[in-house]
Structures are given as structure tokens and as C-alpha cells.
Amino acid sequence: MNQFIEFISQNLELIYILILAIFIGVELIKNVPTVLHTPLMSGANALSGVVIVGAIIVMLQSDPENYLALGLGFVAVVLGIINVVGGFAVTDRMLQMFKKKK
Amino acid sequence: MSIYLSIIYLIATVTFIVGLKNLGHPATAKKGNLISALGMGLAIVGTIVLTENEISPIIYGLIIGAIVVGGIIGWVIAMKVEMTKMPELVSLFNGFGGASALLIGLVEFNKNIGVAEADKASAAIISTIISAIIIGSITFTGSLVAWAKLNGSMKDLRLPKYNLINNILFLILLAFAVYIVLIGSDSSLLIYVLLVASLVYGYLFVAPIGGADMPVVISLLNSLTGIAAAITGILYGNMVMLVGGILVGSAGLILTFAMCKAMNRSLASVIFGAFGGAEAVGTSTGKSGGTIKKTTASDAAVLLNYSTNVVIVPGYGLAVAQAQHVIHELEELLTKKGVSVKYAIHPVAGRMPGHMNVLLAESNVDYDKLVEMDDINPQFPNTDVVLVVGANDVVNPAAHNDPSSPIYGMPILDVENAKHIIVNKRSMNVGYAGIENELFFNQKTNMLFGDAKDALTKLVAELKNM
């Protein structure tokens with residue numbers, strides 16, 4: 001229990017941010033028309049590729065001699081950037097089609 | 001962390017929020033996507049350039065190499081994919097994001113192996129690492145299974161008592177993770193066992209879920225990837241990952257519920273119910289009695305030619321047959337002949353909500369001609385001909401009048417109110433729900449059998465000769 005209280009007191013700001021971010025996410029998406037569900041899912045998917053920042057940090061922090069960490073980090077960066085670039089590009093392509101008619 | 005990098009992360013976080021907000025409205029969606037993409041690019045470049053550690057050129061080279069290689073792969077796939085394959089592509093990309101999170105978790109765990117007792121990571125850090133590994137693994141294999149299923153390369157797999165097995169496996173997984181944290185283990189054997197168990201769970205979690213429910217699952221897994229990203233963000237005290245990940249996590253979850261609502265399904269029944277598969281076929285009776293009336297392309301063309309207003313109901317079969325261009329040709333031809341043509345779009349027409357709109361938009365169908373379910377339903381009694389192309393469950397009257405039907409209560413397009421109905425289908429096979437459709441035995445219904453593209457091409461040819 002003490003550990004738990006300690007964890008909260010040390011990370012109070014983090015917990016605030018976490019909770020507020022959850023509510024922002026909910027509010028942003030709440031009243032989206034069905035038409036946009038597919039592009040939105042694809043766009044949100046691209047955003048989840050933000051994990052690539054972590055993959056880059058892994059590589060930056062690796063010892064140049066640590067081949068395992070570098071190798072895994074390399075694969076993580078490749079997969080992450082595919083998620084980001086592919087995700088944004090495909091969402092753009094989808095939305096492009098909506099736009100032409102207007 | 002340099003203050004400049006912190007500012008860049010702050011800007012990126014704001015672009016994510018503004019981008020998502022804009023993505024939610026048809027007029028601003030494209031701009032929203034660009035804004036978030038820009039922010040993401042900024043965050044990536046900033047992370048590389050503004051690092052404060054001494055970095056060897058080899059590592060820089062590797063990072064840039066990885067970004068170039070992956071960037072090209074992602075770009076090429078995104079540009080080449082057919083619009084009908086969109087849902088499985090999103091799933092595949094999502095799986096890659098999950099894999100990235102799990103690899104980060106593995107590297108971070110490895111760092112803790114064999115270090116002196118005093119330098120060991122705290123239990124809080126180990127639990128974040130382990131959560132990243134578990135969630136990343138589940139989304140990775142889960143997304144790959146969803147991808148393979150939508151691809152058609154994998155059938156539903158239902159072990160006996162699969163719900164029980166999955167839930168027990170999940171509890172074991174959790175208990176095992178807690179155990180690793182509590183004993184403060186740095187054994188790489190244990191972490192690999194955990195990794196494999198999580199990968200297997202991701203597979204088993206999605207394997208029994210039917211293809212019709214796959215969009216909901218993809219959206220759920222997408223939300224999980226966001227959470228995995230947020231967890232790794234906590235690990236590095238990185239705000240852009242934390243907020244970005246949580247945004248995707250909560251937005252993805254809301255989107256998942258919205259999709260469930262459009263399909264009139266609860267999330268629990270998607271995950272635990274064996275809908276749309278073999279079991280449903282055995283239990284449902286459906287009204288399969290009666291005779292069906294077959295029609296030919298020329299008869300159907302005559303009927304369409306002499307009507308004043310026609311409503312087209314496009315379904316999944318149209319997407320599979322890639323017939324979205326022919327249907328537009330048919331629509332233009334009829335309009336030229338003075339027939340008023342509209343499209344009735346069921347919320348889940350195609351493979352996921354909004355998918356049909358994307359497909360029809362691709363073939364230049366006028367946006368104003370797409371009418372949503374609630375707006376078109378009152379118009380059916382005044383409609384001369386309804387042309388149903390490759391849709392089944394979304395026009396099944398059993399949803400209104402057969403309480404024993406698995407789709408009872410699902411909102412449908414009331415096409416049976418129209419004066420004439422032409423149904424194009426490949427065969428009398430049942431739809432995803434695995435039940436008979438009494439609409440096909442309706443007096444007013446004419447069945448036009450054949451692949452949607454072939455049948456519509458013939459129809460267009462007949463109409464041109466009139």
C-alpha cells in the first residue's frame with residue numbers, strides 16, 4: 001500500500017496527463033459520422049506508430065557493440081516507420097477520393 | 001532531454017489532437033491527416049537530431065537506413081493497395097506497430113540482465129516493460145490473424161471451449177507477468193516464455209472471431225497498439241508517445257463501440273460469441289421455403305429502363321468482385337435515360353463502416369447520391385426498382401420479423417417495401433450471419449445470378465442497346 005501511495009505521489013503529473021488525454025480522445029471521436037470510420041481508424045492507426053520514437057531512442061541509447069539491441073532496435077524502427085508512413089499515406093489516399101467530388 | 005526537443009514534442013502532441021479533431025469531419029479530414037503527419041515527422045526528426053548523448057556515426061547511419069528502408073516499403077504498399085483491401089492493410093500496419101513496441105520492451109528488459117543488484121530497474125519499470133511486451137505481442141499476432149482472415153487465407157478456428165481456454169490462458173499470462181515482476185527476475189528464459197505465451201494468446205484471441213466482426217477487432221487492436229505506445233512513453237518519460245498513445249487508445253476504443261453500435265452488436269458478443277460461422281448455420285432455421293424467380297440481364301435491363309426511380313444497394317459482394325466502376329457506369333447510363341438513381345448505404349456495407357463510401361468515391365460516384373440508411377428507408381415504398389448487388393444480411397427482413405434470428409434487431413435497409421426488387425448474387429449461399437434470406441423468396445424479387453462485375457457489365461450492355 002505504501003508503495004502504491006508513493007508511486008502516485010511521485011507520478012501525480014503523469015496521472016493527470018493520462019486521465020485528461022483519455023477524455024480528449026473520447027471527446028474528439030464521439031460524434032464522428034459512420035462515413036469517416038474507415039479513414040479515422042486508418043488515421044488513428046498511423047498515430048499509434050508514434051511508438052517509433054521509442055524505437056529510435058532504443059537505438060540512440062544502444063552501445064555500438066551491442067549487436068542484439070541494435071538489431072532489434074533496427075527492426076523496431078523499420079516496422080514503426082512502415083506503420084507511420086504507410087498509415088498516413090493510405091489515409092490520405094482514401095480521403096483524396098472523398099474530396100474530388102466537392 | 002534538451003528543452004528544444006521538449007518543445008518539439010509539445011508541438012507534435014498538439015498537432016495530434018488538432019489532427020484527430022479535423023479527421024472527424026468530412027470537410028477537414030484530409031487536412032487533419034496532414035497536420036498529424038507533419039507533427040509525427042517533426043517528432044521523429046527531433047528525436048534523432050536533438051539527442052544529447054554522444055552517438056557514433058554507425059548508429060546514426062543505421063537509424064537513417066531503417067527509416068529510409070521502412071519508409072519506402074510503407075509508401076509503396078500504401079500507394080499500390082486496392083481500395084477493397086483497405087481493412088486488411090490497416091490491420092497489417094497495426095500489427096507492425098505492435099511488433100515495434102514488443103521489440104522495444106525486449107531490448108529494455110535485456111538491459112537489466114546481469115547488472116549489479118543496486119543498479120537493477122525498479123518493479124514499476126519492469127512492469128511497464130512487461131506490459132509493453134504483452135500488449136505488443138497480442139496486437140502483433142492478433143492483427144496478423146485479422147489480416148489473414150480478411151485476406152481469405154485463414155478460416156475461423158474454434159477449439160472446443162475456446163472461450164474458456166482463452167480466458168484461462170489470459171489469467172495464466174497475467175499471473176506469470178506478476179510473478180516475474182514480484183521476484184524481480186532478470187532471466188531471459190522467463191521473458192521469452194512470456195513472449196511466446198503472449199504471441200499465442202494474440203493468435204487464439206482473434207482466431208475464433210468471424211470475418212464479419214473483424215473490423216471491430218482491428219479497431220480494438222488499434223486501440224491496444226496506442227496503449228502499448230503510451231506504456232513505452234512512460235518508460236522513457238516521453239510525453240509525445242504517452243499522449244499520442246493514449247489518444248489513439250481512447251479514440252480507438254470509442255470507435256470500436258461506434259462500430260459495434262452500427263452493427264447492432266455488443267463488444268462482448270463480438271469477442272465471445274461465435275457469430276457468422278459454422279455454429280450459427282446449425283442453429284438457425286430461417287424461412288427457406290418457397291420458390292425463387294430467376295431473371296436474365298435483358299429482363300432486368302427492361303425493368304430498370306422503364307422505371308422512374310431506382311435505388312442501388314451495394315454490398316460486400318460488389319467490393320469482392322471489384323464492381324464499383326461498373327456500377328457507376330450503370331448509374332450514369334440510367335441517369336442519362338432519365339431514371340433517378342440513388343445508392344442506399346448501410347452503415348456496415350463493405351467490410352467496415354464507411355468502407356463502401358470509400359469504394360464508390362474511388363469510382364467517382366457523386367457524393368450526393370449516397371444516401372444513408374435512416375434517410376433512404378422511408379423512400380423505399382416510392383421506389384420502382386431496388387437493385388441489390390452482393391448484399392445479403394443488411395437487407396434480410398428477418399431482422400424485423402424473426403425474433404429467433406441471430407440478426408434480429410439489427411438495423412436493415414427495408415428494400416422489401418419497394419415495388420420491384422432485383423438481387424444480384426453469385427449463388428444462393430448464405431451471408432456472414434449464416435442464415436437464409438426470405439427476401440429472395442419474395443414475390444417481388446427477381447434473382448440475377450452471377451459475379452457482380454459480369455452481371456452488371458451484361459446489364460450495361462443490354463441497356464446501351466435500348
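Lettering follows sequence order; numbering is per chain, from 1. If you're wondering where the values come from, they're calculated on a predicted model, not measured in any experiment.
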query = Quick one: what part of B/Ile55 sits under 4.5 Å from any heavy atom of chain A, side chain, backbone, both or neither?
reply = side chain

ask   = Side chain, backbone, both or neither: which part of A/Leu20 has an atom under 4.5 Å from a heavy atom of chain B?
value = neither

ask   = For B/Ala101 and B/Ala228, which heavy atoms make the closest approach, and how far apart are they?
value = CB-CB, 3.9 Å

note = One option among A/Val75, A/Ile57, A/Ile17 has the most heavy-atom pairs under 4.5 Å with chain B, and it is A/Ile57

remark   = So, the part of B/Leu253 with a heavy atom under 4.5 Å from chain A: the answer is neither

ask   = Do you know which of A/Val26, A/Ile56, A/Leu60 has the most heavy-atom pairs with chain B at a distance under 4.5 angstrom?
value = A/Leu60

inquiry  = Below 4.5 Å, heavy-atom pairs only: which of A/Ile52, A/Asn66, A/Ile29, A/Val77 has the largest tally toward chain B?
reply    = A/Ile29

key: Toward chain B, the part of A/Val84 with a non-hydrogen atom under 4.5 Å   = side chain

message = Taking B/Glu82 first and then B/Lys85, would you say they form a salt bridge - that is, a charged N and a carboxylate O separated by under 4.0 Å?
response = yes

task = Would you mind telling me which of B/Val243, B/Leu62, B/Leu102 has the largest number of heavy-atom pairs within less than 4.5 Å of chain A?
result = B/Leu62

ask   = What part of A/Ile24 is in contact with chain B, defined as an atom under 4.5 angstrom from a non-hydrogen atom: side chain, backbone, both or neither?
value = both

Atom group of A/Ile22 that falls short of 4.5 Å from chain B, counting heavy atoms = both

inquiry  = If you count heavy-atom pairs within less than 4.5 Å of chain A, which of B/Asn33, B/Thr47, B/Leu103, B/Ile246 leads?
reply    = B/Asn33

note = If one checks every heavy atom of B/Thr225 against chain A at 4.5 Å, the contacting part turns out to be both

query = Looking at side-chain heavy atoms only, is the closest gap between B/Val69 and B/Ile73 below 4.5 Å?
reply = yes

query = Highest number of heavy-atom pairs under 4.5 Å with chain B: which of A/Asn11, A/Leu79, A/Val85?
reply = A/Leu79

ask   = If you look at every heavy atom in B/Ser91 and B/Ser143, which pair is closest and at what distance?
value = OG-O, 2.8 Å

remark   = Taking every heavy atom of B/Ala78 against every heavy atom of B/Leu89, the minimum-distance pair comes out as CA-CD2, 4.5 Å

task = Compare all side-chain heavy atoms of B/Val358 with those of B/Met86 and state whether any distance is below 4.5 angstrom.
result = no

ask   = Would you say the side chain of B/Phe93 lies within less than 4.5 Å of the side chain of B/Ile77, judging by non-hydrogen atoms?
value = yes

ask   = Donor-acceptor pair, B/Ser223 side chain versus B/Gly252 backbone, under 3.5 Å?
value = no

inquiry  = I'd like to know which of A/Leu72, A/Val32, A/Val53 tops the heavy-atom pair count under 4.5 Å against chain B.
reply    = A/Val53

inquiry  = For A/Ala44, which atoms come within 4.5 Å of any heavy atom of chain B: side chain, backbone, both, or neither?
reply    = both

remark   = One option among B/Ser36, B/Gly245, B/Gly244 has the most heavy-atom pairs under 4.5 Å with chain A, and it is B/Ser36

remark   = Between B/Asn222 and A/Asn45, the two heavy atoms sitting closest are OD1-CA, 3.2 Å

message = Please classify the contact of A/Leu36 with chain B as side chain, backbone, both or neither, using a heavy-atom distance under 4.5 Å.
response = side chain

task = Please examine the side chains of A/Leu47 and A/Phe88, heavy atoms only from C-beta on, and report whether any two atoms are closer than 4.5 Å.
result = yes

message = Are B/Ile113 and B/Asn110 packed together at the side-chain level, in the sense that at least one heavy-atom pair is separated by less than 4.5 angstrom?
response = yes

Contacting moiety of B/Ser219, where chain A heavy atoms sit under 4.5 Å = both

remark   = Looking only at B/Ala229, B/Ala37, B/Gly19, B/Gly97, the option with the highest number of non-hydrogen pairs under 4.5 Å against chain A is B/Ala37

ask   = Given that the side chain runs from C-beta out, which part of B/Lys369 has a heavy atom under 4.5 Å from chain A: side chain, backbone, both or neither?
value = neither

request  = Find the one option among A/Leu70, A/Leu68, A/Leu40 whose heavy-atom pairs under 4.5 Å with chain B are most numerous.
outcome  = A/Leu40

query = Heavy-atom distance under 4.5 Å to chain A: side chain of B/Val90, backbone, both or neither?
reply = both

key: Contact class of B/Thr232 relative to chain A, heavy atoms under 4.5 angstrom   = side chain

inquiry  = Heavy-atom cut-off 4.5 Å, strictly under: side chain, backbone, both or neither for B/Leu23 against chain A?
reply    = both

request  = Please report the shortest heavy-atom distance between A/Ser42 and A/Val90, naming the atom on each side.
outcome  = OG-CG1, 3.3 Å

query = Below 4.5 Å, heavy atoms only, C-beta onward: do B/Ile63 and B/Ile59 meet side chain to side chain?
reply = yes

ask   = Under a 4.5 Å heavy-atom cutoff, which of B/Val68, B/Ile67, B/Thr51, B/Thr256 has the most pairs with chain A?
value = B/Ile67

Heavy-atom contact with chain A under 4.5 Å, split by part of B/Met79 = both

query = With a 4.5 angstrom heavy-atom cut-off, which part of B/Met241 approaches chain A: side chain, backbone, both or neither?
reply = both

message = Heavy-atom pairs under 4.5 Å with chain A: which of B/Asn357, B/Leu92, B/Ile48, B/Leu370 has the most?
response = B/Asn357

key: Crowding at NZ, B/Lys111 (>12 non-hydrogen neighbours, <6.0 Å)   = yes

ask   = Are any of the side-chain heavy atoms of B/Leu242 and A/Leu14 separated by less than 4.5 Å?
value = yes

key: Per-residue contact mode, B/Val81 against chain A (heavy atom under 4.5 angstrom)   = both

query = Can you check whether A/Val51 reaches A/Asn83 side chain to side chain, under 4.5 Å on heavy atoms?
reply = no

message = Looking at every non-hydrogen atom in both residues, tell me the closest pair between B/Gln324 and B/Leu359 and how far apart they are.
response = CG-O, 3.7 Å

